Amino acid sequence: MVDAALFAIKELMAAHPEALLYGQDVGGRLGGVFREAATLAQKFGDERVFNTPIQEAFIIGSTVGMSATGLKPFVEVQFADYLWPGMNQLFTEVSRSYYLSNGKWPVSTVIRVPIGAYGSGGPFHSSSIETAVTSIRGIKIAYPSTGADLKGLMKSAFYDPNPVVIFEHKGLYWSKIPGTEGAKTPEPSADYVIPFGKARMVIEAEASAVTSGESAVVVTYGMGVYWAQKAAKAFPGQISILDLRTLAPWDRAAVMAEAKTHGRVLVLTEECSSPSFAQSVQGAIAEECFEFLDAPVQLLGAVNVPAIPLNTTLEQTMLPNAEKVEGALRSLLAY
Amino acid sequence: MVDAALFAIKELMAAHPEALLYGQDVGGRLGGVFREAATLAQKFGDERVFNTPIQEAFIIGSTVGMSATGLKPFVEVQFADYLWPGMNQLFTEVSRSYYLSNGKWPVSTVIRVPIGAYGSGGPFHSSSIETAVTSIRGIKIAYPSTGADLKGLMKSAFYDPNPVVIFEHKGLYWSKIPGTEGAKTPEPSADYVIPFGKARMVIEAEASAVTSGESAVVVTYGMGVYWAQKAAKAFPGQISILDLRTLAPWDRAAVMAEAKTHGRVLVLTEECSSPSFAQSVQGAIAEECFEFLDAPVQLLGAVNVPAIPLNTTLEQTMLPNAEKVEGALRSLLAY
Amino acid sequence: MSKKTTIPFEKAFKLMATAKSMAELYEREKDTTSKYVHATSRGHESAQLALALHLEPKDYVAPYYRDDSLLLGIGMTPKDLMLQLLAKVDDPFSGGRTYYSHPSLNDADKPKIPHQSSATGMQAIPTAGVAMGIQYREQQGLASKEELGGIAVCSIGDSAMTEGEISEALHMAALKQFPLLMFVQDNGWDISANRAEVHHSNAVEYAKGFTGIEAVDIDGTDFESAYTELGKIIKTMRKERRPFLVRMDVPLLNHHTSGVRKEWYRDDLEEAAKRDPYPILKAQCLKAGVSEKELDQWETEAGQFVQAQYESALSMPDPQPADLLTMISHPPPLLKSAANVRPKVLNLR
Amino acid sequence: MSKKTTIPFEKAFKLMATAKSMAELYEREKDTTSKYVHATSRGHESAQLALALHLEPKDYVAPYYRDDSLLLGIGMTPKDLMLQLLAKVDDPFSGGRTYYSHPSLNDADKPKIPHQSSATGMQAIPTAGVAMGIQYREQQGLASKEELGGIAVCSIGDSAMTEGEISEALHMAALKQFPLLMFVQDNGWDISANRAEVHHSNAVEYAKGFTGIEAVDIDGTDFESAYTELGKIIKTMRKERRPFLVRMDVPLLNHHTSGVRKEWYRDDLEEAAKRDPYPILKAQCLKAGVSEKELDQWETEAGQFVQAQYESALSMPDPQPADLLTMISHPPPLLKSAANVRPKVLNLR
Ligand SMILES: Cc1ncc(C[n+]2csc(CCOP(=O)(O)OP(=O)(O)O)c2C)c(N)n1
Ligand SMILES: Cc1ncc(C[n+]2csc(CCOP(=O)(O)OP(=O)(O)O)c2C)c(N)n1
Ligand SMILES: [Mg+2]
Ligand SMILES: [Mg+2]
């Protein structure tokens, strides 16, 4: 998946002189701690691709001014955990510029945020923060789970006049985790774009299972897509998986349609379960699909503790995985 | 309600030399922009009650160190909107100290945060931010709606070894808004405390209405309590109102019991409705009470726009009020 | 006016009289004007006008809530400002969505103003971003001829300078040497906290920690010298493309805001009144050859004009409920997506 | 050791040899030790030990992820540190919850260490809070005799100094004059970004903007002089109760962390190696009268000790799943609530 972002940015920077990229360690010497900006400085020069000091507030907030002068900055914070020092700029300045200037000053920027737990990253390099970020209105938020989606959404984000946060799951960058090979997709062509607010059907239950009332849908995003895919193998033909792909806006229409089709829904997230963005989606489904539900909408997320512990056993105990999803699906289908 | 906080703090500071209070404009000259710290500096001296520079990160984060030395700081940010510059310290340092030091360093502090819309306060003095804050695990959060509750929770917060955020609704400080007179309660005695995680029954539907299936419960907090009370007048004897009083932890047991009793639930918040803390509560109720519900759990919150506009008409259009609650209850009861 | 001078005394005095009349009117009509919280520039007028009269359409400026004189100085009318005061739908800055003197502007003939929040100091980073953008466009050859030499001005109160984010903006300005002017209006107050309670020293001292930012102390009550000093600095910035900080020493003569009133806590009002920039400018005008009569007339005219503008603003329509839902998100361009995913030999990592 | 000296050369050398052996062991055993990300102090040892050997139990210190020598210096064993490296349940700092050299400690016989995050620079405000607490307790007469004269030390990398929050901590230290020592370890690197890319000047220059903080430049490769200089400063702080900043000039000899390796991007490794503090201390020991033989023996012993400690740490148990749910929230005291709400004539506003 990491190459998808790179290729998208390369194509965009080649075509648009107003595009530039800055953040910590994205410059030529390293090209990003995940190599997510590798070769960009070599290709576009040290003025267009440069390192910033450790100042997340500046990284986020400077986009307001850069964009006002007509530029299109890609910026990056190194880990989602470190978006917090920039959260004030995101809330106070970036998200509200357009609405409160009554449409005069959209902030056009793409904020790349590597996120998620990936093999004992520990409490300050693994946090999921989408609930806090989706609670900020006025920004768009993508959370792709495959290379093609990342490329298509990066394109879309770039051309979008509004500020966009792209959560990029570190565990999917290289598909080294067993079961995540699906994140490596064929490379889409240069003009491939994915609009915001359109979910993706990952796998679809068979019509017969749907008709007989023995199917369920998993609504998820990010790493959840892979946990669900693996878990679904235990219930051949019975499971649909819907990947939200973007969290703001999220694809209400597709989610509700699937919920009504199956009557059994599992909302799955890597984040702590409650309160959470995912639990909000659960609430929305339960309200809108009340008469179509054959079972309570289930929610599966991480155990609600203050931080993701470093130790592997503790981390695994906390986070969802395919087995836990399988268990949830089993009880959902048996309801 | 503003006096309740003052009286609680006065009693605590008189009894505990390790207690002190600091924040912007809380010092002797003004005593808080809402007079919420009035007379404290006069009573306890300018060393125990003092102004800080405009540094919300310092206000929040310094409590970690102050508490480590054995002190008990009350601190204040002037408006919930301005908690954002301190959000990083709240997430990164305050909330995680106890868990990641494996219990060695609880951060004992009470963080006062005036919140909520109160008569055209506009986009930077009215924001509700509880979704973002409740998404931070490792802190306790109170949101009282009456003077007695504020006093009792302030006491509880002080003696709690964990960090506590108290949201104090500015619109309830003086009960000047028609319908909020109920926030003025008799003053509880000095040893009155309210534990965290215990909701309060504000009004209770009549048994007959419950039996005949014509009752509903409103689960809410803060200003919602008053909107609900006013709206309930249109349905005499049919409405129970449960005031959560604390959002972290929140009283699951009471909420679920009420939901099961009535089978009809409205979750009401002043915050934008989706995604939100309230919508998460909605999700939790819908999951746990699935078999007891006679109608979908309803959610009512503010319209989802990036900021609360200044103009009164726009503000009123955005925010919930008694009429909107009445409408929601009417359709809930008619379901 | 007889004597020759390069200082725009007439313009400055007329604007200052206008600003003063506005502050007086807001106080007089406070039952109406205080519905929505607002602050005025009383005491800061000379500083603000001295800056405003040097700005050009190619510049960007981030005024703060006390900058109504600055806004008049760049060409906004009292009515423009009052439409925001009253949260009217035709408020040119925000359509009634945000407070008085929280401007945003993208007019061809005036300096550009990105969105301004109320959060003290939070404009510093966005404005540093503007300066970085100006520099980038020049260095990459993206700037049009008209843009060349533009600067970004961050106007800010003395007490907002202690916010941590300010240091990030200053670090970057010092490091990258982009044309950012930090315009610090130092009135010695932080709502009710005074200088001694919240500052170890002043903004010029603070700037010493940022090697490469030139810092200058200016008497903000003296229009003539402030105008001259700022003129020199801005000229240098247009040419040498580097950052400056100025500390404008000014008194705060009016309330902190309409909601936090001076009589509640100020202990220095008499002293502050002695530093009123208004009589100072008056004296400078007289010295420059303006007659007493002219000054009186300009004052009277300003008062009448402000009153008329207020009445006109009052009569304007309010936003309608449906206005809540406009301008939430800028429509994205319609992009044609290639449906085909071109398979490659190697899948994407 | 024959000659008389007040410098604890023997202790320092033994600790430094231990730290160096640990770094070598981690590299040698990297298949095991790199499971969890970690950094070592190679290059920074003299600076850290010079500080550590002056600290007392009444002090507070906030070490950062590169401070393993500092931790040895205050009395932690290699095994203590390795238990965290391996995220073992008996890790004395966090029970396996957080990374190597992310300490927290509340032992009676050692300096206190509040919780330490990985977020660069975010320890500055909490540590300033400690210093403010120390000052408050002294001023209010709450401090015990044992507490008096304690200081708070914030250890930090050069590049973390640009975070906005640092300026808030420094502002408050300058304003309130509390006993905070900012201990800046300047290795000229910010992961892969070098000094020139991210700094306009250094920490001592930056401190000039904070009137009232005394700032001192110290050669962190020279144990003897660093120990002496820091001794003077800390003595002054214990007496005069005011803030200091020191910039310890040091080379970074090892990887940034086990996950971001030096050979990928460092262009100054040869130059850095010339400033290795280890041979410098060795020479100083010899000069102070320690024999070559003694030094060799201490080195050998350190290596053996580190190996033994590693094996012992390895054999310790891992956390169990149930350990996820302990220490989430400190149980509050049981408070008896008066059920009665005493009615007053006037209701509470
Ligand atoms: C982030 C933030 N914190 C607190 C406030 C509340 N507040 C409004 S004005 C003000 C004082 C600002 O003083 P200064 O910057 O000196 O400007 P002045 O009003 O004196 O012109 C404060 C604390 C705010 N608006 N934003
Ligand atoms: C808030 C935050 N942003 C980014 C990072 C990623 N990061 C880890 S170490 C580091 C460089 C720190 O350099 P310095 O402070 O000089 O310490 P050194 O590693 O050189 O000892 C960065 C950017 C982080 N840990 N925290
Ligand atoms: Mg001021
Ligand atoms: Mg460094």
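Quantities reported herein were computed from a predicted structural model and do not represent experimental measurements. Each chain gets a letter, A, B and so on, in the order the sequences are listed, and its residues count up from 1.
- Using a 3.5 Å distance cut-off with no hydrogens or angles, the side chains of D:Ser192 and A:Asp25 do pair a donor with an acceptor.
- When each of A:Thr313, A:Asp46, A:Thr52 is checked for heavy-atom pairs under 4.5 Å with chain D, A:Thr313 comes out on top.
- With a threshold of 4.5 angstrom between heavy atoms, D:Asn194 approaches chain A through its backbone and through its side chain.
- Looking at D:Gln320, only its backbone comes within 4.5 Å of chain A, counting heavy atoms on both sides.
- No more than 12 heavy atoms of other residues, nucleotides or ligands sit less than 6.0 Å from atom CD of D:Glu270.
- Of the listed residues D:Val198, D:Ile328, D:Thr120, the one with more heavy-atom pairs under 4.5 angstrom with chain A than any other is D:Val198.
- Contacts of D:Val260 with chain A are made by side-chain atoms alone, with heavy-atom separations under 4.5 Å and no backbone atom involved.
- Side chain of D:Tyr99 to backbone of A:Phe124: a donor-acceptor contact under 3.5 angstrom is found.
- Between the side chain of A:Gln55 and the backbone N or O of D:Gly164 there is no donor-acceptor pair closer than 3.5 Å.
- Side-chain contact check for A:Pro85 versus D:Met122: some heavy-atom pair is nearer than 4.5 Å.
- The closest side-chain heavy-atom distance from A:Asn311 to D:Lys88 is not below 4.5 Å.
- With a threshold of 4.5 angstrom between heavy atoms, D:Met161 does not approach chain A through any atom at all.
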